[in-house]
Amino acid sequence: MNLGGDIRFIDFHTHHAVGSPDTVVVKNLMAGEDVPQDFPPNTVFSTGIHPWYLTAELLDEMKTGLILTLAHPHVIAIGEAGFDQLRGPSHAVQRSAFIFQAELAEELGKPIIIHCVKGWDSLLKVRNELKPEMKWVIHGFRGTARLAATLADAGLWFSLGMKGLTEEVLSLIPEERLLLETDDSKGNIKDVYKGYSELTGKDVTEVTELIRTNFNNLFVK
Ligand SMILES: [Zn+2]
């Protein structure tokens, strides 16, 4: 994608928000869900097999559903996809679903939005095996500084919400691999921009340029 200067805010991962003249949102859909017939301008979509809703029995059906949803031109990313050690099916099923999605991301040239709870070793192992060219974005990161540093070293991108914005984590993430989001909260993306601006001392205009450039770069190999 190549957004111009009229776009001031990008909500990289949301379940609720919709686009507006100065805001692009990436709204999440379940694999197999139809892209709505009518959606406000500046609304694009991601779709993936989320570990919470995955079962061994449903895996094949979800893979087919994912491919169908991905066929819509407004679906720009795969996800949420990933590993969750507290919810969802066995590790083997989660791994199989994730590898399928990571390979599809390479084939289709789309980034992945990653949901990961405690499954960091599994995630990094797949990353090492596949050596993907597409960007992998950890969404809603709220882990320790040490983990942030490990993931940043591995080349991962980050999408942070209000609760993930800490000075320590921001000092460890390359700013050119950062995006902002509201996720499941009813918060406004403008407040997340403001929070980031306050923590970094950059003014909001600088932040809007940084995040817009990052977003555009996400789709460049
Ligand atoms: Zn989400």
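First listed ligand is number 1; within each ligand, the first listed atom is number 1. One-based numbering along the sequence shown.
Contact check on Lys125 versus Glu129 returns a salt bridge, with a Lys/Arg side-chain nitrogen under 4.0 Å from an Asp/Glu carboxylate oxygen.
Aromatic ring centres of Phe83 and His115 lie farther apart than the 6.0 Å criterion allows.
Here His50 fails the criterion, with no N, O or S atom under 2.8 Å of the Zn ion (ligand 1). Under 2.8 Å from the Zn ion (ligand 1) lies an N/O/S atom of Glu80, whether from backbone or side chain. Distances from the Zn ion (ligand 1) show that His15 has an N/O/S atom below 2.8 Å.
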For residues 157-168, please give each side-chain donor-acceptor pair under 3.5 Å, one per line with the distance, not counting sequence neighbours.
residue, atom, partner, partner atom, Å
Ser159, OG, Glu181, OE1, 2.7
Thr166, OG1, Val169, N, 3.1

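In terms of distance to the Zn ion (ligand 1), the nearest N, O or S atom of Asp183 is named OD1.
Legend: ring-ring contact (aromatic ring centres under 6.0 Å, His included) pairs involving residues 165-187, not counting sequence neighbours: none detected.
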